Amino acid sequence: MATINENFLKLQKNYLFADIAQKVAAFKAAHPEAQLIRLGIGDVTRPLAPAVIKALHKAVDEMANGETFRGYGPEQGYEFLRNAIVENDFAPRGIKIEADEIFVNDGAKSDTGNFGDILGRDNTICVTDPIYPVYIDSNVMGERAGDFVEGAWNRVTYCPCTAENDFTPALPDHPTDLIYLCYPNNPTGTTLSREELEKWVAYARANKSIILYDAAYEAYITRPEIPHSIYEIEGAEECAVEFHSYSKTAGFTGLRCGYTVVPKALTVKTASGEQAQLNQLWNRRQCTKFNGTAYIVQRAAEAIYSPEGKKQVRETIDYYMTNARIMREALTEVGLKVYGGVDAPYIWLKTPAGVGSWAFFEQLLTEINVVSTPGVGFGPAGEGYIRLTAFGRREDCEEAMARLKKWLKK
Ligand code: PLP
């Protein structure tokens with residue numbers, strides 16, 4: 001008799017954004033005239049850069065010609081893209097990462113979710129709280145999270161990040177095995193200083209833990225002192241895997257491409273006492289379960305690193321960050337407390353006193369028809385906050401802020 005992976009039954013019924021979508025759909029059905037502005041889900045709205053489009057067209061033409069047609073590509077990604085990544089994302093920062101430590105993928109969600117495949121089921125988990133839900137949900141599926149008791153998983157160590165500690169997580173007071181860090185952070189939009197990141201690397205090395213570092217938003221960092229990669233910290237190559245995504249960097253949410261860095265220096269002791277290289281294990285996993293990212297998409301990603309590609313991608317990031325500034329200023333003006341939005345495209349907004357995350361989400365939806373994301377959906381410490389994204393169209397951000405000001409000044 002076939003059975004299922006019972007861990008899936010432990011998951012809360014819906015993925016957060018499916019929950020929100022349901023509520024929004026119900027509101028829209030009851031109020032078809034409402035002009036909704038969606039500042040909830042973190043999806044981009046600007047079109048792809050012209051350099052990317054040009055590369056896509058060229059690659060499509062190659063596929064139409066027997067001489068240049070490509071079938072299966074390398075599971076790890078084409079050399080042209082892996083080399084471009086090394087030369088552009090790491091070498092200029094003085095980071096020594098080699099092309100065979102880069103694994104091109106179809107976006108960071110897959111690899112952040114799948115990386116647990118090569119890690120023991122009995123590892124304990126540590127997350128900053130609130131956090132991108134995939135880290136926890138994938139560990140629930142992988143049997144590492146324990147049970148959901150009073151709003152939290154009982155085998156997960158949560159490191160709260162709130163206004164009270166300036167969104168700087170304290171290190172756990174006990175050893176944990178797998179540590180998920182996401183900086184710039186989704187959902188709070190805050191960053192970690194070099195000194196703070198050094199503490200995590202030191203903790204991981206001391207406890208033989210692995211840091212799973214999600215750098216999906218590094219392109220949004222504006223302050224020069226903030227690290228873009230965990231490998232800027234000495235010794236991180238011995239304890240950290242890093243995830244990158246072109247989704248927010250270059251508008252690839254629909255195109256799908258990113259990459260994972262698995263340094264060869266990162267080894268873990270096996271049950272029989274040898275050192276296993278995670279790079280080799282991940283390579284083996286990918287060769288078995290993944291057949292590579294589409295050639296045309298990898299050519300599109302390569303184009304981001306061309307001089308015109310870099311300039312165009314930067315213009316789009318600047319557009320979103322101007323949205324962030326407009327929202328920060330407007331929200332501050334009406335007396336709300338805002339965080340993030342300086343080195344990240346997310347604004348983390350404190351809800352008015354006594355109003356919970358979901359209640360404020362409902363108020364924004366019904367009063368001014370703006371869709372946000374309730375902070376508590378990202379973890380217990382997100383209660384009392386909501387997240388707004390800067391990925392909307394400029395006119396929508398301005399209109400949303402105008403409605404908010406009008407409503408709150410009533
Ligand atoms: N990591 C974080 C922190 C994210 O916020 C997201 C998407 O919102 C992802 C990863 C997934 O990105 P991708 O589109 O590359 O799968």
Side-chain angles (χ1 to χ4, degrees), residues 5 7-8 10-12 14-19 41-42 103 105-148 151-161 167 169-172 176-192 197 200 203-204 207 209-218 230 239-245 247-248 258-262 266 278 282 285 344 346 348 373-382 387:
N5 176 347
N7 294 297
F8 277 65
K10 287 186 175 182
L11 288 166
Q12 288 163 294
N14 272 325
Y15 185 59
L16 171 64
F17 293 102
D19 247 359
I41 193 161
F103 294 84
N105 59 30
D106 62 353
K109 190 188 232 181
S110 319
D111 283 8
T112 50
N114 288 329
F115 206 81
D117 270 18
I118 63 166
L119 301 169
R121 300 250 174 235
D122 50 355
N123 281 306
T124 53
I125 307 297
C126 171
V127 293
T128 58
D129 172 28
I131 201 66
Y132 179 55
V134 171
Y135 312 146
I136 293 192
D137 284 1
S138 58
N139 277 295
V140 175
M141 296 169 181
E143 215 168 302
R144 297 189 192 92
D147 295 309
F148 196 63
W153 294 93
N154 62 8
R155 283 197 73 232
V156 175
T157 299
Y158 293 78
C159 302
C161 297
F167 299 95
L171 294 173
T176 56
D177 302 320
L178 308 178
I179 303 157
Y180 287 86
L181 296 179
C182 171
Y183 287 101
N185 188 258
N186 174 16
T188 65
T190 58
T191 50
L192 214 54
L197 200 47
W200 283 95
Y203 169 93
N207 290 295
S209 327
I210 298 171
I211 298 178
L212 298 144
Y213 194 78
D214 190 340
Y217 297 96
E218 65 80 18
I230 194 164
C239 66
V241 171
E242 186 166 277
F243 304 100
H244 285 251
S245 166
S247 286
K248 312 301 160 65
Y259 65 90
T260 297
V261 185
V262 191
L266 177 46
L278 286 202
W282 185 243
R285 188 267 176 205
Y346 294 117
W348 192 239
T373 309
V376 70
F378 297 100
R387 190 193 73 175

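Model, not experiment: these values are computed from the prediction.
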Could I get the full list of side-chain hydrogen bond (donor to acceptor under 3.5 Å, both in side chains) partners for [X], not counting sequence neighbours?
{"X": "Thr112", "answer": "none"}
{"X": "Asp129", "answer": "none"}
{"X": "Asp147", "answer": "Lys10"}
{"X": "Ser245", "answer": "Ser247"}

With [X], which residues qualify under side-chain contact (heavy atoms from CB on, under 4.5 Å), at least two apart?
{"X": "Thr373", "value": "Leu16, Phe17, Ile20, Phe378, Arg387"}
{"X": "Asn5", "value": "Asn7, Phe8"}
{"X": "Asp111", "value": "Asn105, Phe243, Thr260, Trp282, Gln286"}
{"X": "Ala215", "value": "Tyr213, Glu218, Glu242, His244"}

- [ ] Would you please name every residue forming a ring-ring contact (aromatic ring centres under 6.0 Å, His included) with Tyr132, sequence neighbours left out?
- [x] Tyr135

How long is the span from the [atom1] atom in [X] to the [atom2] atom in [Y], to the nearest 0.5 Å?
{"X": "Leu192", "Y": "Phe167", "atom1": "CG", "atom2": "CZ", "answer": "13.0 Å"}
{"X": "Leu171", "Y": "Asn207", "atom1": "CG", "atom2": "CG", "answer": "9.5 Å"}
{"X": "Thr190", "Y": "Trp348", "atom1": "OG1", "atom2": "CH2", "answer": "9.5 Å"}

I'd like to know if the side chain of [X] and the backbone of [Y] have a donor-acceptor N/O pair within less than 3.5 Å.
{"X": "Asn185", "Y": "Cys182", "result": "yes"}
{"X": "Lys248", "Y": "Ala344", "result": "no"}
{"X": "Arg144", "Y": "Leu178", "result": "no"}

- [ ] Could you list all the side-chain hydrogen bond (donor to acceptor under 3.5 Å, both in side chains) pairs where at least one residue sits in residues 115-126, not counting sequence neighbours?
- [x] Asp117-Arg285, Asp117-Lys289, Thr124-Asp177

